[in-house]
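First comes the structure, then the notes that go with it.
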2 protein chains.
Amino acid sequence: MLKLTKKADYGLMALKYLAEHPETPALSAKDVADAYGIPAQLLAKILQLLTRNGLLRSHAGMNGGYALARDARTISAYEVIHAIDGPFFITSCTKGAKSCELTPSCTIKEPLARVNDTIAGVLKSISIQDLTEHEQPAARAREAHGLVALTL
Amino acid sequence: MLKLTKKADYGLMALKYLAEHPETPALSAKDVADAYGIPAQLLAKILQLLTRNGLLRSHAGMNGGYALARDARTISAYEVIHAIDGPFFITSCTKGAKSCELTPSCTIKEPLARVNDTIAGVLKSISIQDLTEHEQPAARAREAHGLVALTL
DNA sequence: TCAGTATACGACCATTTCTGTCGGGATTTC
DNA sequence: GAAATCCCGACAGAAATGGTCGTATACTGA
């Protein structure tokens with residue numbers, strides 16, 4: 001619970017990998033899959049999703065493959081997760097309206113919606129670029145997170 | 001994905017309900033289940049878990065039931081979720097060691113671990129008491145979240 | 001124009017996780 | 001002792017997830 005799906009993980013890993021290889025015009029799904037030992041076909045589907053959502057550019061044919069559609073600094077972890085797993089809500093009673101109206105139940109939803117927003121904010125503040133900076137992303141991160149908290 | 005299980009939701013709802021009825025010495029699982037339309041037996045198991053983890057006190061027999069083991073202000077959403085769903089990690093590759101060693105894969109884990117901590121911090125900063133304050137928990141929350149971000 | 005490499009995408013199955021139920025047992029009160 | 005209540009393990013159905021397959025389509029280069 002409160003866990004990223006493997007697909008989202010794979011997606012983040014793939015984007016990170018692409019961000020780390022800016023010199024190559026494109027990398028195939030297989031290239032990335034091999035690099036990480038991820039099932040190639042599965043990763044292919046994930047990359048297709050990311051392409052559909054405008055995070056990647058794809059190119060078929062020989063020497064084709066995928067490349068970031070934008071600068072790694074402008075792609076957030078949130079976007080990636082959202083593209084792969086769809087909109088997320090921390091609460092089980094998903095939408096604002098229906099299911100939970102039955103009972104006066106989800107009085108709990110309102111406070112949790114705030115938590116949800118906070119988490120989304122944190123994920124929005126993390127860029128693919130951040131993922132590639134192995135050492136001491138702490139400073140950047142702290143800064144970003146602080147920003148999020150303040151805007152809540 | 002990145003969603004609380006229904007069990008965790010139910011647990012939070014139940015604790016909130018208990019926090020809102022401090023006058024009664026104890027409420028049975030059935031009482032709470034009826035109040036929210038939750039399957040009684042399922043909620044029973046959840047309350048038992050919370051009891052085992054020291055968040056509730058239970059009492060068998062007539063007029064028995066459950067009551068908060070501590071002040072609602074000192075019970076965090078994090079504790080509840082942890083008690084019900086076990087330790088959580090945002091990453092799929094759960095433990096620090098095994099599975100991901102196979103490949104040099106999870107270079108992504110380190111940054112996400114930080115995100116994980118941030119989220120855990122947010123959840124730790126939310127108390128059951130906060131859940132009961134319907135209007136304007138914003139101030140408290142903002143304060144608490146800010147604190148979390150700074151301690152990251 | 002043909003062969004090879006790649007993406008695109010829908011359908012499908014296997015596995016795991018989650019939800020909810022059942023049944024029997026123990027504890028307390030009246 | 002009977003009723004209410006907690007305790008707890010086992011299990012079945014449902015849903016989500018992970019992964020595979022097959023086929024169609026697009027591009028490249030010889």
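In what follows, chains carry the letters A, B, and so on, assigned in the order in which the sequence lines appear, proteins first and then strands, with residues in each chain numbered from 1. Note that these values count all heavy atoms, side chains included, but never hydrogens, waters or copies made by symmetry.
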Starting at atom [atom1] of [X], determine the distance to atom [atom2] of [N], rounded to an integer number of angstrom.
| X | N | atom1 | atom2 | result |
| --- | --- | --- | --- | --- |
| Met62(A) | dT28(D) | CE | P | 11 Å |
| Lys7(A) | dA16(D) | NZ | C1' | 9 Å |
| Leu42(A) | dT7(C) | CG | P | 14 Å |
| Asn63(A) | dA26(D) | CG | C1' | 14 Å |
| Lys3(B) | dA15(D) | NZ | C1' | 10 Å |
| Leu43(B) | dC8(D) | CG | C1' | 15 Å |
| Asp9(B) | dG20(C) | CG | C1' | 16 Å |
| Leu18(B) | dC6(D) | CG | P | 11 Å |

How many angstroms lie between [atom1] in [X] and [atom2] in [Y], if you round to the nearest 0.5 Å?
| X | Y | atom1 | atom2 | value |
| --- | --- | --- | --- | --- |
| Leu131(B) | Leu15(B) | CG | CG | 8.5 Å |
| Asp9(A) | Tyr36(A) | CG | OH | 11.5 Å |
| Ile75(A) | Lys16(A) | CD1 | NZ | 15.0 Å |

Would a distance-only check, ignoring hydrogens and angles, find a side-chain to backbone donor-acceptor pair under 3.5 Å from [X] to [Y]?
| X | Y | value |
| --- | --- | --- |
| Asp117(A) | Arg114(A) | no |
| Asn53(A) | Leu49(A) | yes |
| Glu133(B) | Asp130(B) | no |
| Thr74(B) | Arg70(B) | no |

Which of the following nucleotides, [options], is nearest to the side chain of [X]?
| X | options | result |
| --- | --- | --- |
| Gln48(A) | dT19(C), dT5(C), dC9(C) | dC9(C) |
| Ser28(B) | dT29(C), dC6(D), dT17(D) | dC6(D) |
| Thr5(A) | dC30(C), dT5(C), dG18(D) | dG18(D) |
| Tyr66(B) | dC7(D), dG20(C), dG19(D) | dC7(D) |

Write down the protein N/O and nucleotide N/O pairs, taken from nucleotides 21-25 of chain D, whose separation is under 3.5 Å; answer none if there are no such pairs.
none

Contact under 4.0 Å: [X] side-chain N or O vs [N] OP1/OP2:
| X | N | answer |
| --- | --- | --- |
| Ser58(B) | dC7(D) | yes |
| Arg57(A) | dT7(C) | no |
| Arg52(A) | dT7(C) | no |
| Tyr10(B) | dT19(C) | no |

Original post:
Base, sugar-phosphate, or nothing: which does Ala29(A) touch, judged by heavy atoms less than 4.0 Å apart?
Top reply: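 Sugar-phosphate, backbone atoms only, no base.
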Original post:
Of His59(A) and Pro39(A), whose nearest nucleotide on DNA chain D comes first from the 5' end?
Top reply: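 Of the two residues, Pro39(A) wins.
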Subject >> Residues in side-chain contact (heavy atoms from CB on, under 4.5 Å) contact with His82(A), at least two apart in sequence or another chain >> reply: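 For His82(A) the side-chain contact (heavy atoms from CB on, under 4.5 Å) partners, ignoring immediate neighbours, are Tyr78(A), Pro87(A).
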